[in-house]
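Notes to accompany the following structure.
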Amino acid sequence: MLKVIDLKKSFNKEEVLKGISFEVDAGETAVILGKSGAGKTTLIRCINGLETFDSGKIVVDDIEITNTSEMKKLRGQIGMVFQNFNLFPHLTVLENIIESPVNVFGKNKEEATKIALDLLDMVDLSDKKDMYPFQLSGGQQQRVAIARSCALMPKVLCFDEPTSALDYENIKKIEEVIQKCKNRGMAVLIITHDRAFSKEVADKIIYIKEGLLVEEIDTDAQ
Ligand SMILES: Nc1ncnc2c1ncn2[C@@H]1O[C@H](COP(=O)(O)OP(=O)(O)OP(=O)(O)O)[C@@H](O)[C@H]1O
Ligand SMILES: [Mg+2]
């Protein structure tokens with residue numbers, strides 16, 4: 001579903017990604033591990049089109065892009081859950097989820113609402129649909145952010161440090177939600193420093209060291 005091929009990226013003269021290649025299948029979760037500064041966030045930002053890359057390819061479901069200007073070909077195919085959630089404070093939970101499908105992608109409002117209600121059920125927040133982000137706990141906001149990222153039915157869903165601000169109960173809930181995203185056929189890519197969480201969710205572990213992929217472990221085979 002997601003293929004990254006020989007991806008390279010420099011900032012000024014510093015080469016941060018030195019040729020990274022890996023794949024994530026549909027229904028598979030890959031976890032990216034590596035020391036601070038290894039290039040993990042840069043990698044995930046390149047995949048999401050939030051950062052330009054210098055060379056290499058990103059392929060999603062046979063659509064191939066070789067530079068960031070082609071990123072629009074992948075519009076809506078890749079979802080990103082940000083660490084600070086980035087929810088719209090003036091919109092309710094439900095409005096947050098349908099905002100982009102309706103206002104950016106021109107989807108029918110009833111259809112988008114139906115999908116949003118299904119996703120709220122998936123993240124176990126059906127009862128909060130008319131609340132505003134400030135009325136929710138951090139863990140609940142995180143799950144709204146996941147539902148919102150799923151609203152365009154992306155083929156790839158990326159997370160940067162999804163558990164860093166969460167307690168044990170909320171981490172368990174996120175694990176369940178990620179399992180459901182996998183079951184819906186998404187390829188899930190997660191950066192985390194949380195080894196216990198990684199152990200729970202990872203089908204595959206990708207270690208990045210100084211901009212290079214140094215090890216890939218298939219956790220199913222262990
Ligand atoms: N916009 C930028 N301009 C210049 N250098 C950058 C930029 N973004 C990242 N870098 C550099 O790229 C390197 C990798 O950063 P990155 O954020 O990808 O690391 P990381 O693996 O996500 O680390 P952490 O675990 O601390 O989040 C660092 O040396 C950083 O200083
Ligand atoms: Mg980072």
Side-chain angles (χ1 to χ4, degrees), residues 1-26 28-75 77-86 145-146 149 154-165 174 178 181-182 186-222:
M1 187 62 89
L2 170 69
K3 274 189 213 154
V4 174
I5 303 166
D6 203 22
L7 199 72
K8 293 186 183 168
K9 167 74 185 172
S10 296
F11 287 111
N12 308 317
K13 293 216 164 62
E14 189 198 351
E15 194 170 38
V16 173
L17 303 178
K18 299 176 181 166
I20 302 260
S21 302
F22 65 91
E23 292 183 16
V24 189
D25 290 336
E28 184 175 58
T29 299
V31 166
I32 301 175
L33 298 179
K35 271 201 234 164
S36 179
K40 306 178 299 293
T41 296
T42 304
L43 172 63
I44 224 164
R45 285 175 57 83
C46 286
I47 292 171
N48 279 281
L50 299 169
E51 193 63 77
T52 58
F53 53 95
D54 302 328
S55 66
K57 283 182 199 169
I58 295 168
V59 187
V60 176
D61 203 19
D62 295 333
I63 302 171
E64 183 177 300
I65 66 159
T66 51
N67 69 64
T68 313
S69 68
E70 298 177 306
M71 211 56 191
K72 56 183 175 301
K73 288 193 204 166
L74 295 180
R75 224 165 149 245
Q77 311 264 16
I78 303 176
M80 173 86 189
V81 181
F82 295 93
Q83 197 169 4
N84 57 2
F85 320 141
N86 285 349
I146 296 174
S149 300
K155 299 195 167 122
V156 180
L157 188 58
C158 302
F159 296 84
D160 194 352
E161 308 270 1
T163 63
S164 56
I174 294 293
I178 286 171
C181 291
K182 276 175 55 172
M186 287 180 225
V188 183
L189 186 60
I190 306 173
I191 298 171
T192 184
H193 286 110
D194 182 340
R195 296 281 173 150
F197 171 69
S198 164
K199 232 179 159 163
E200 282 304 317
V201 297
D203 300 311
K204 184 191 262 182
I205 295 175
I206 294 164
Y207 281 97
I208 305 233
K209 187 179 175 188
E210 294 164 10
L212 280 169
L213 195 158
V214 289
E215 201 180 353
E216 194 174 317
I217 298 170
D218 182 353
T219 55
D220 297 336
Q222 289 182 332

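Reckoned from all heavy atoms, side chains included, excluding hydrogens, waters and symmetry mates.
- Not counting sequence neighbours, Lys3 has no partner by the side-chain hydrogen bond (donor to acceptor under 3.5 Å, both in side chains) test.
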message: Before you tell me yes or no, could you show the steps for Val81 and Leu157 under side chain to side chain contact (heavy atoms under 4.5 Å, CB included), namely the whole-Å CA-CA distance, both residues' side-chain angles and the distance that decides it to 0.1 Å?
response: CA-CA 8 Å; Val81 181; Leu157 188 58; 4.2 Å; yes
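- Contact of the Phe197 side chain with the Ile178 side chain is registered, since non-hydrogen atoms from C-beta on lie closer than 4.5 Å.
- Among Ile44, Ile190, Ile32, the one residue that satisfies the side chain to side chain contact (heavy atoms under 4.5 Å, CB included) test with Phe159 is Ile190.
- For the pair Ile174/Ile146, a side-chain contact is recorded, criterion being any heavy-atom separation below 4.5 Å from C-beta on.
- Partners of Glu216 under the salt bridge (charged side-chain N to carboxylate O under 4.0 Å, His left out) rule, at least two apart in sequence or in another chain, are Lys204.
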Stepwise side chain to side chain contact (heavy atoms under 4.5 Å, CB included) check, Phe53 with Ile47: CA-CA 9 Å; Phe53 53 95; Ile47 292 171; over 6 Å; no
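- Within the structure, side-chain hydrogen bond (donor to acceptor under 3.5 Å, both in side chains) pairs that include any residue of residues 29-38 do not occur (at least two apart or interchain).
- To the nearest 0.5 Å, atom CD of residue Glu215 and atom CG of residue Leu33 are 10.0 Å apart.
- Counting only residues at least two apart or on different chains, the salt bridge (Lys or Arg N to Asp or Glu O under 4.0 Å) pairs with a member in residues 59-70 are Lys57-Glu64, Asp61-Lys155, Glu70-Lys73.
- One finds the CG atom of Leu43 at 8.0 Å from the CD1 atom of Ile58 (value rounded to the nearest 0.5 Å).
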message: Quick one, Glu210 with Lys18, criterion side chain to side chain contact (heavy atoms under 4.5 Å, CB included). Give me CA distance, side-chain angles, the key distance, then yes/no.
response: CA-CA 8 Å; Glu210 294 164 10; Lys18 299 176 181 166; 4.2 Å; yes
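- The only member of Ile191, Thr192, Ile206 that meets side chain to side chain contact (heavy atoms under 4.5 Å, CB included) when paired with Val31 is Thr192.
- Contact detail for Ser149 and Met80: the closest heavy-atom pair is OG-O, 3.0 Å.
- Atoms CE and CD, from Met71 and Glu51 in turn, are 11.5 Å apart once rounded to the nearest 0.5 Å.
- Identified under the side-chain hydrogen bond (donor to acceptor under 3.5 Å, both in side chains) test for residues 4-15, with sequence neighbours left out: Lys9-Thr52.
- Between Pro154 and Met186, the shortest heavy-atom contact is O-CG, 3.4 Å.
- Distance check, rounded to the nearest 0.5 Å: SG of Cys158 to CG of Leu2 gives 7.0 Å.
- Of the possible polar contacts, one joining the Thr219 side chain to the Asp203 backbone as a donor-acceptor pair under 3.5 Å is found.
- One side chain, Ser69 or Asn67, offers a donor N or O that lies under 3.5 Å from an acceptor on the other.
- Atom CG in Leu17 sits 8.0 Å away from atom CZ in Phe11 (nearest 0.5 Å).
- Proximity of a side-chain donor or acceptor of Ser198 to a complementary backbone N or O of Asp194 within less than 3.5 Å is not detected.
- Proximity of a side-chain donor or acceptor of Lys40 to a complementary backbone N or O of Ile208 within less than 3.5 Å is not detected.
- Annotation for Ile78 and Val60: closest pair CD1-CG2, 3.9 Å, computed over non-hydrogen atoms.
- Among residues two or more places apart in sequence or in another chain, the salt bridge (charged side-chain N to carboxylate O under 4.0 Å, His left out) test is passed with Asp160 by none.
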